[in-house]
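Structure, as structure tokens:
First listed ligand is number 1; within each ligand, the first listed atom is number 1.
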Amino acid sequence: MKVAIAGTGYVGLVTGVCIAHMGYHDVVCTDINKDRIEKLNNKISPIYEKDLDEFLEREVDRGSITFTTDEKKAYEDSDVIFIAVGTPERTDGSANLEYIKKVAKSIAKYSKSGCLVVIKSTVPVGTNDEIEKYINSKSEKIFEVASNPEFLAQGTAIDDTINARRIVLGVESEDAKNKLEEIYKGFNSPIIVTNRRSAEMIKYASNDFLALKISYMSDIANLCEIVGADIEEVALGMSYDDRIGAKFLRAGIGYGGSCFPKDTKALHWLSNSNGYELKTIKAAIEINEAQKLKLVREADKDIDSFEGMKVCVLGLTYKPGTDDLREAPSIVNIKYLIERNAEIHVYDPVGMNNMKKIFSDKIIYDDDIEDALRGSEACFVMTEWKEIRDLTPEIFLENMRVPRVYDGRNCYDVDEMLDKGIKYYSIGRTR
Ligand code: UGA
């Protein structure tokens with residue numbers, strides 16, 4: 001089949017490359033961003049993602065994937081079109097469907113009748129129904145819409161797609177189900193077939209459950225600090241119960257990224273607008289917002305004034321393995337420190353260029369961790385990159401003027417840090 005993909009962000013690009021990789025279908029990806037398409041045609045990935053460069057190069061060379069800004073060319077003879085464009089958050093927390101509608105309009109204009117339109121973007125329950133009506137109102141042709149939410153995480157996106165834990169197909173007809181099963185030929189993953197609304201809800205419920213799990217651990221970690229328990233030991237003890245599971249029990253300075261913050265707010269908004277309050281998700285959002293500032297609040301107890309003080313921030317991205325800074329806890333913390341006139345030195349192995357776009361010359365970007373630490377009086381650890389986790393107490397002692405480390409990702413051994421004379425704070429841990 002010929003498969004078109006609208007949007008070459010994380011979801012669209014990885015989906016396209018992985019479908020092409022299976023070797024059953026020809027894939028064409030389209031995007032309005034000319035630079036992006038030019039890069040992709042030159043086999044350069046516009047995003048930092050493990051294994052993606054290699055997959056991209058191989059599939060472009062094999063001719064199984066192409067990239068174009070020409071929507072007509074992409075859509076006109078496609079059998080299946082995936083929509084994988086952004087659904088950014090509006091100020092009230094609801095999802096903005098403007099980009100999906102733009103693509104739907106072009107599909108109505110250029111595609112052949114009977115082509116299956118598949119929404120991969122995360123969309124509120126009922127959107128697939130709405131887009132099907134919308135697209136069919138724009139032309140004489142007939143289109144069916146199916147929901148196929150994406151569960152990949154950044155940093156493991158290729159593996160999460162090739163070896164997906166599940167593929168969810170939200171369909172309203174046998175024809176749509178058959179076409180999508182054909183698309184996923186070669187993927188060795190369980191396929192769950194539901195109606196469209198359930199598929200849409202599976203995506204939000206899954207992401208929000210994971211966010212809730214993290215916020216729950218933040219909450220318990222904060223209580224651990226008060227009552228003298230240790231969150232790592234507590235998490236380990238919980239993890240042996242397979243009803244709880246061992247994953248997503250890491251307490252820290254909260255979740256960030258382009259998904260959990262947006263999807264929790266979107267589901268909360270959706271439930272409110274339907275006259276129901278999702279109290280669990282409201283709590284998850286509030287806990288996470290507060291957790292993001294945990295380190296600086298703790299530092300405030302030790303430091304009277306940050307005015308002119310050299311401080312160091314290690315790790316900027318919302319998690320390791322990505323250059324993405326969206327909703328990264330580092331951003332609110334750096335803003336907090338800027339407002340207090342600290343001299344802020346930052347280090348991140350891949351996120352610095354993106355950070356420059358946010359803070360330009362308001363902060364200092366050091367390519368070397370020790371340069372960032374040198375002469376500082378407080379160090380804030382925001383992301384657990386390996387080179388940051390590998391730092392020894394000696395590195396802090398040798399470089400910092402006052403060795404105070406506020407660790408939001410629990411990277412170091414508490415006893416070792418304290419015994420070596422470092423003022424060390426981490427999340428939910430006791431000596
Ligand atoms: C998340 C989901 O994990 C994917 O399944 C989903 O497809 C994706 O959103 C999406 O909707 O597109 P992602 O945001 O890339 O993926 O990253 P995660 O690995 O889930 O991490 C999200 C945040 O949670 C990070 O800031 C991470 O540091 C934090 N986290 C994660 C914790 O604080 N503790 C944990 O135990 C796990």
Lys/Arg N to Asp/Glu carboxylate O, [X] vs [Y], below 4.0 Å:
{"X": "Glu200", "Y": "Arg196", "answer": "no"}
{"X": "Lys265", "Y": "Glu89", "answer": "yes"}
{"X": "Glu343", "Y": "Lys310", "answer": "no"}

- Message: List the protein residues in contact with ligand 1, where contact means a heavy-atom separation under 4.0 angstrom.
- Response: Glu150, Phe151, Leu152, Ala153, Gln154, Lys203, Asn207, Ile214, Phe248, Leu249, Arg250, Tyr255, Gly256, Cys259, Phe260, Asp263, Tyr318, Lys319, Arg409
- Note on the structure: For Phe143 and Ile107, the nearest pair of non-hydrogen atoms, with its separation, is CZ-O, 3.8 Å
- From CA spacing to verdict: side-chain contact (heavy atoms from CB on, under 4.5 Å), Phe306, Glu377: CA-CA 9 Å; Phe306 283 103; Glu377 297 186 42; over 6 Å; no
- What residue pairs, at least two apart or across chains, pass side-chain hydrogen bond (donor to acceptor under 3.5 Å, both in side chains) with a residue in residues 11-31? Thr8-Asp31, His21-Arg58
